[in-house]
Amino acid sequence: MRVLSLIRSRFAPILATWLTEPEALASALERIVASRESHLADYQANVAMPLQKKLEKPPLAIAEEILSKLDLSDICSSVSIAGQGYVNLRLSPEWLAKCLMEAHLDPERLAVGLAANPKTYVIDFSSPNVAKPMHVGHIRSTVIGDSVTKILRFLGHSVISDNHLGDWGTQFGMIIYGYKNFRDDVAFGQAPVLELSRIYRVVQKIIGFQDAVSNIPKLELAMERAEEKSAESKFKSAAAPQDKKLAKDFATAFKQLDEANDELAKSKKYIEETSRDAEFLECSKQHSQLGQRVLKETSKLHSGDAENLKLWEAFVPNCKEEIHSVYKRLNIQFDHEFGESYYHDLLPAVVEDLLARSLAVQSDGAICVFLDGYDAPMIVRKQDGAFLYSTTDIATAIFREREFAPDVSLYVVDHRQGEHFQKLFDVLRKIGLSHTELKHVEFGTVCGKDGKPYKTRSGAVVGLNAMLDEAVSGAWDVVCNPDRLQGSGLAFSEAEKRQIAETVGLGAIKYADLCHNRTSNYIFDMEKMVQLHGNTAAYIQYSYARTRSILRKAQAEGFETNQWQLAPLVLSASPEVNLGLQLLRFEDMLNQSMVDYLPNVVTEYLFDTAKLFSSFYDQCSVLDAETPESTRSRLRLTDLTSLTLRKGLELLGIGVVERM
RNA sequence: GGGCUCAUAGCUCAGUUGGACAGAGCAACGGAUUUCUAAUCCGUAGGUCGUAGGUUCGAGCCCUACUGGGCCUACCA
């Protein structure tokens with residue numbers, strides 16, 4: 001039910017007499033919102049105050065005038081003026097009940113309308129590098145992207161999801177080189193993906209070590225510079241002790257010196273420790289300049305070298321299979337999975353086109369697009385002739401344009417790539433993709449309890465599958481705790497227990513990710529998210545299970561579904577009204593959540609709904625109500641709550657269980 | 001050096017795009033119960049929204065400066 005637009009439509013003609021410009025009118029209408037002050041109003045219009053200058057009247061007088069022309073008698077039980085000029089609306093319980101009954105008659109869509117102007121979206125999300133082990137960092141893009149896809153589709157838009165797999169980059173050079181030099185044939189035969197991931201780590205470790213070694217002179221130079229600067233600014237500051245800016249410069253320079261010192265020491269320590277492993281050291285010697293060798297393998301692959309291409313063709317299906325097993329477990333599907341490799345043949349033409357348009361130029365042997373407002377150009381072809389992800393991204397956008405002609409193109413990618421996307425969008429607009437709205441749906445970093453990017457104590461990145469297992473086993477420990485099961489009188493089969501633990505555990509992971517505003521970093525705390533009270537998936541899933549329990553029990557006590565499915569809904573007790581108001585807001589909330597693609601608007605709504613239901617549950621007995629009419633009405637309200645919770649969780653990609 | 005971003009209760013985070021006394025969860029404290037699954041409910045306490053100015057009828061939100069963290073900054077993705 002679109003309550004806001006209905007109420008706004010009643011205000012519109014009144015406000016239009018003062019606000020003749022459509023934009024001014026639209027922004028005034030947006031000042032009509034669901035009220036935060038539930039003790040004062042259900043909805044409120046904050047329209048009188050901003051008009052006081054224009055109309056040269058006190059806001060209260062303006063509010064009076066609005067009120068005299070406003071007819072909401074069919075919807076509201078009271079319309080009043082409060083504070084400095086707020087127009088407060090209270091919905092009539094009858095109208096509220098009528099709307100909720102309509103929603104209840106439509107269990108699939110809950111009377112949520114389809115978009116009046118449906119758009120075509122292309123959404124690019126998840127997009128992991130297939131040869132690297134998938135880790136917790138990939139989950140945000142995957143979970144947020146999946147949820148946005150589901151919500152937009154539910155609202156009636158056409159959404160094309162594409163998993164832009166990193167299946168063509170430098171990491172393949174790494175595993176190709178590693179396969180040629182470090183493979184264990186037996187291990188590869190038994191579990192290719194595991195062996196490839198081991199190989200990947202071996203290569204990565206050597207490159208990391210060699211980089212650290214070759215970086216030392218640079219760090220030493222930086223140290224020296226910092227020392228000089230610090231000494232210089234100390235001298236300057238001493239000469240003019242009153243100058244605050246100089247004193248500050250000195251402090252900054254000193255701090256930078258400290259940092260440079262620290263970094264150098266850390267790097268030396270790492271090298272020293274790693275060098276103790278004689279075998280590793282020997283291996284690193286044998287494969288000197290590994291970074292270069294890897295780039296050569298990559299470049300050979302890209303230029304069609306038969307051996308490397310054959311290896312790539314052998315590796316990719318294995319890698320994909322591994323990744324698909326994670327998607328299957330998370331119940332996530334994509335319409336397309338054109339990886340980076342799909343665009344490879346198109347890249348030379350992209351660069352040619354950029355050169356022909358004089359957008360790109362040669363610089364230091366590379367081909368670059370220089371853009372206003374940025375120091376560094378966007379490089380589309382390297383000195384060695386290889387293409388970069390920028391080039392692929394341009395080719396991808398052109399392909400999508402031709403294939404899908406989207407109105408909106410969403411990229412659900414880490415916020416660190418913000419500048420890359422700004423540049424990319426700049427270039428895309430310049431080559432004529434101007435009618436497509438390009439949007440980087442960025443998200444923050446997942447951190448550990450220490451506030452730093454999530455890693456295990458040893459520093460290794462935590463694998464995704466292991467993390468999911470941990471969540472599921474954590475859920476099992478709490479949900480299937482024998483004490484609790486005995487206390488609640490529930491008897492689950494082993495299979496049901498497993499099903500519950502899986503649903504709750506995976507829900508916990510997804511929910512923890514979605515319930516934070518996507519733009520902020522968040523601290524990943526497995527213990528907390530698997531706990532079953534507070535703002536967690538389990539609390540909502542539990543509320544759902546309670547709704548189902550009541551409905552089952554009603555059936556058992558002889559309330560046949562057809563006795564109450566069409567019974568009148570009467571909202572009298574305040575928990576009933578509060579819950580009803582919340583359920584009424586479902587559609588407005590979904591639309592709000594997609595204004596800026598924020599799934600946390602949905603999680604917050606569901607958490608509030610679950611809390612209001614718990615309150616209702618506590619204070620209003622359904623099966624033991626004063627009258628049979630009341631029981632029937634409450635059964636209907638419970639059922640609608642049940643459907644709303646389930647649909648809301650479904651739109652987040654989170655499942656429910658009938659008992660838990 | 002340039003750019004982006006963040007700073008809200010002891011902790012983790014919201015804050016409907018500028019509206020009423022700043023909210024929730026966790027932790028703490030005090031109540032409720034032999035339950036339609038207590039994994040619950042009701043209540044108490046906890047905040048000069050990093051600092052200082054500015055714009056506005058009105059600022060956690062917008063502008064400026066400052067402080068302190070994170071990230072990016074030419075051939076990785």
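Here the structure is a predicted model, which means the values were calculated and not measured.
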Engineer: OP1, OP2 of B:A14 versus side-chain N and O of A:Y605: anything below 4.0 Å?
Structural biologist: no
Engineer: Please classify the nucleic acid contact of A:M660 as base, sugar-phosphate, or nothing, using heavy-atom distances under 4.0 Å.
Structural biologist: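 Base contact - A:M660 has a heavy atom under 4.0 Å of at least one base atom.
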Engineer: So what does A:N535 hit on the nucleic acid, given a heavy-atom distance under 4.0 Å: a base, only sugar-phosphate, or nothing?
Structural biologist: sugar-phosphate
Engineer: Counting Watson-Crick and G-U wobble pairs only, both distances under 3.5 Å, name the nucleotide matched with B:U56, or none.
Structural biologist: none
Engineer: For A:I62 and A:A48, work out which heavy atoms get closest and say how close.
Structural biologist: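 Taking A:I62 first and A:A48 second, the nearest heavy atoms are CD1-O, 3.7 Å.
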Engineer: Is a side-chain donor-acceptor pair under 3.5 Å present for A:N88 with A:S80?
Structural biologist: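 Short answer, no.
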Engineer: Would A:Y86 count as stacked on B:G19 if the rule is ring centres under 5.5 Å and plane angle under 30°?
Structural biologist: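 Stacking is absent between B:G19 and A:Y86, given that the ring centres and planes do not meet under 5.5 Å and under 30°.
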Engineer: Does A:R518 or A:H39 map to a spot on RNA chain B nearer the 5' end, using the closest nucleotide for each?
Structural biologist: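 Checking each residue's closest nucleotide, the 5'-ward one belongs to A:R518.
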Engineer: Students often get this wrong, so: under 4.0 angstrom with heavy atoms, is A:N481 touching a base, only sugar-phosphate, or nothing?
Structural biologist: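 The answer is nothing, as A:N481 stays clear of every strand by at least 4.0 Å.
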Engineer: If you check every side-chain atom of A:N517, which of B:A20, B:G25, B:A14 has the closest atom?
Structural biologist: B:A14
Engineer: Distance criterion of 3.5 Å, no angle test: do you see the side chain of A:S363 paired donor-to-acceptor with the base of B:A74?
Structural biologist: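 Pair found.
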Engineer: Base, sugar-phosphate alone, or nothing: which one does A:C620 contact when heavy atoms must sit under 4.0 Å apart?
Structural biologist: base
Engineer: Under a 3.5 Å limit for both distances, which nucleotide forms a Watson-Crick or G-U wobble pair with B:G43, could you say?
Structural biologist: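 Matched B:G43 with B:C29 under the 3.5 Å cut-off.
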Engineer: Ignoring backbone atoms, test whether A:T547 places a side-chain nitrogen or oxygen under 4.0 Å from the OP1 or OP2 oxygen of B:U37.
Structural biologist: no
Engineer: Is there a side chain to side chain donor-acceptor pair (under 3.5 Å) between A:D211 and A:S214 once you walk through the steps?
Structural biologist: CA-CA 5 Å; A:D211 281 353; A:S214 67; 4.5 Å; no
Engineer: Can you tell me the base-pairing partner of B:G23? Count Watson-Crick or G-U wobble geometry only, both distances below 3.5 Å, and say none if there is no partner.
Structural biologist: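 Paired with B:C13.
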Engineer: Can you see which heavy atom on A:R90 is nearest to which on A:H39, and at what distance?
Structural biologist: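 That would be NH2-O, 3.1 Å.
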Engineer: For A:V33, which contact category applies under a 4.0 Å heavy-atom criterion: base, sugar-phosphate, or nothing?
Structural biologist: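 If one applies the 4.0 Å heavy-atom cut-off, A:V33 turns out to touch the sugar-phosphate alone, with no base involved.
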Engineer: Do A:K423 and A:E419 sit within salt-bridge range, that is, some charged N less than 4.0 Å from a carboxylate O?
Structural biologist: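 Salt bridge flag = yes for A:E419 with A:K423.
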Engineer: Main chain of A:E340, side chain of A:H344: is a donor-acceptor contact present, judged purely on distance under 3.5 Å?
Structural biologist: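 No, the answer is negative, given that no donor and acceptor are paired below the 3.5 Å cut-off.
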Engineer: With syn defined as a glycosidic angle within 90° of 0 and anti as the rest, where does B:U17 land?
Structural biologist: syn
Engineer: So A:V479, base contact, sugar-phosphate only, or nothing? Heavy-atom distance under 4.0 Å.
Structural biologist: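 Here A:V479 touches the bases of the nucleic acid.
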Engineer: Quick one: side chains of residues 608-618 of chain A, donor-acceptor pairs under 3.5 Å with protein atoms, not counting sequence neighbours, listed by atom name and distance.
Structural biologist:
from: A:T609; atom 1: OG1; to: A:Q582; atom 2: NE2; distance (Å): 3.0
from: A:T609; atom 1: OG1; to: A:Y605; atom 2: O; distance (Å): 2.6
from: A:S614; atom 1: OG; to: A:Y539; atom 2: OH; distance (Å): 3.2
from: A:S614; atom 1: OG; to: A:A610; atom 2: O; distance (Å): 3.2
from: A:S615; atom 1: OG; to: A:Q619; atom 2: NE2; distance (Å): 3.1

Engineer: Quick one: label A:Q417 by what it contacts on the DNA or RNA (base, sugar-phosphate, nothing), any heavy atom closer than 4.0 Å.
Structural biologist: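 Base, at least one base atom sits under 4.0 Å.
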Engineer: Among the candidates B:C41, B:A20, B:G1, find the nucleotide nearest to the side-chain atoms of A:Q619.
Structural biologist: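 Of the options given, the side chain of A:Q619 lies nearest B:C41.
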Engineer: Between A:K439 and A:D596, is the salt bridge (charged side-chain N to carboxylate O under 4.0 Å, His left out) condition met? List the steps.
Structural biologist: CA-CA 10 Å; A:K439 167 91 179 163; A:D596 225 353; 3.3 Å; yes
Engineer: Does A:A545 reach a base, just sugar-phosphate, or nothing at all? Heavy atoms under 4.0 Å.
Structural biologist: base
Engineer: Taking only the C1' atom of each, what is the distance from B:C29 to B:G10 in whole angstrom?
Structural biologist: 14 Å
Engineer: With a 4.0 Å cut-off, would you call A:E442 and A:R416 a salt bridge?
Structural biologist: no
Engineer: Taking only side-chain N and O atoms of A:R546, does any of them lie within less than 4.0 angstrom of OP1 or OP2 on B:C36?
Structural biologist: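 Answer no for this pair, as no side-chain N or O of A:R546 is under 4.0 Å from OP1 or OP2.
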Engineer: Scan A:H440 against the nucleic acid and name what it touches under 4.0 Å (heavy atoms): base, sugar-phosphate only, or nothing.
Structural biologist: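 The answer is nothing, as A:H440 stays clear of every strand by at least 4.0 Å.
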Engineer: Contact class for A:S549 vs. all strands (heavy atom < 4.0 Å): base, sugar-phosphate, or nothing?
Structural biologist: base
Engineer: What's the closest nucleotide to the A:L388 side chain, out of B:C36, B:A74, B:C76?
Structural biologist: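 From the listed options, B:C76 comes nearest.
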Engineer: Between the base of B:G18 and the side chain of A:N46, is there a donor and acceptor pair under 3.5 angstrom?
Structural biologist: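 A donor-acceptor contact between them is absent.
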Engineer: Are more than 12 heavy atoms, taken from residues, nucleotides or ligands other than A:E56, located less than 6.0 Å from that residue's CD atom?
Structural biologist: no
Engineer: Ignoring the backbone of A:A376, work out which of B:U73, B:C76, B:U17 is nearest its side chain.
Structural biologist: B:U73
Engineer: Could you tell me whether A:R552 contacts a base, only the sugar-phosphate backbone, or nothing, with contacts defined as non-hydrogen atoms closer than 4.0 Å?
Structural biologist: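 Answer is nothing: A:R552 stays at 4.0 Å or more from every strand.
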Engineer: Would you mind telling me which residue lines up with the more 5' stretch of RNA chain B, A:L551 or A:L532, judged by nearest nucleotide?
Structural biologist: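 Its nearest nucleotide lies further toward 5', so the answer is A:L551.
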Engineer: Counting heavy atoms from C-beta on, name the nucleotide in B:A20, B:U37, B:U17 closest to the side chain of A:Y617.
Structural biologist: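 Comparing B:A20, B:U37, B:U17 against the side chain of A:Y617, the answer is B:U37.
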Engineer: Aromatic ring centroids of A:Y200 and A:F172 under 6.0 Å?
Structural biologist: no
Engineer: Touch check for A:E604, heavy atoms < 4.0 angstrom, all strands: base, sugar-phosphate only, or nothing?
Structural biologist: sugar-phosphate
Engineer: If you only use heavy atoms from C-beta on, which nucleotide in B:U37, B:U73, B:A77 is closest to the side chain of A:Y389?
Structural biologist: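 Of the options given, the side chain of A:Y389 lies nearest B:A77.
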Engineer: Could you list, one pair per line, each protein nitrogen or oxygen that sits under 3.5 Å from a nitrogen or oxygen of nucleotides 3-12 of chain B, together with the distance?
Structural biologist:
none

Engineer: Does A:D393 get its side chain close enough to the base of B:A77, under 3.5 Å, for a donor-acceptor pair?
Structural biologist: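 Such a pair does not exist between side chain and base.
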Engineer: Please state how far atom NE2 in A:H533 lies from atom P in B:U37, giving the value in whole angstrom units.
Structural biologist: 21 Å
Engineer: Return no unless some side-chain N or O of A:T536 is found under 4.0 Å from OP1 or OP2 of B:G25.
Structural biologist: no
Engineer: Is a side-chain donor-acceptor pair under 3.5 Å present for A:D393 with A:H420?
Structural biologist: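 Yes, A:D393 and A:H420 have a side-chain donor paired with an acceptor closer than 3.5 Å.
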Engineer: Using a heavy-atom cut-off of under 4.0 Å over every strand shown, decide if A:Q171 touches base, sugar-phosphate, or nothing.
Structural biologist: nothing
Engineer: Could you tell me which nucleotide pairs with B:C4 by Watson-Crick or G-U wobble geometry, both distances under 3.5 Å, or answer none if nothing does?
Structural biologist: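 Across all strands, the one nucleotide that pairs with B:C4 is B:G70.
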Engineer: Would you tabulate the pairs of protein nitrogen or oxygen atoms and nucleotide nitrogen or oxygen atoms of nucleotides 57-63 of chain B closer than 3.5 angstrom?
Structural biologist:
from: B:C57; atom 1: OP1; to: A:K53; atom 2: NZ; distance (Å): 2.2
from: B:C57; atom 1: N1; to: A:Q52; atom 2: NE2; distance (Å): 3.3

Engineer: If you only use heavy atoms from C-beta on, which nucleotide in B:C71, B:A77, B:C36 is closest to the side chain of A:I550?
Structural biologist: B:C36
Engineer: Regarding A:R659 and A:E496, does a basic nitrogen lie under 4.0 Å from an acidic carboxylate oxygen?
Structural biologist: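 Yes.
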Engineer: Could you tell me whether A:L40 contacts a base, only the sugar-phosphate backbone, or nothing, with contacts defined as non-hydrogen atoms closer than 4.0 Å?
Structural biologist: base
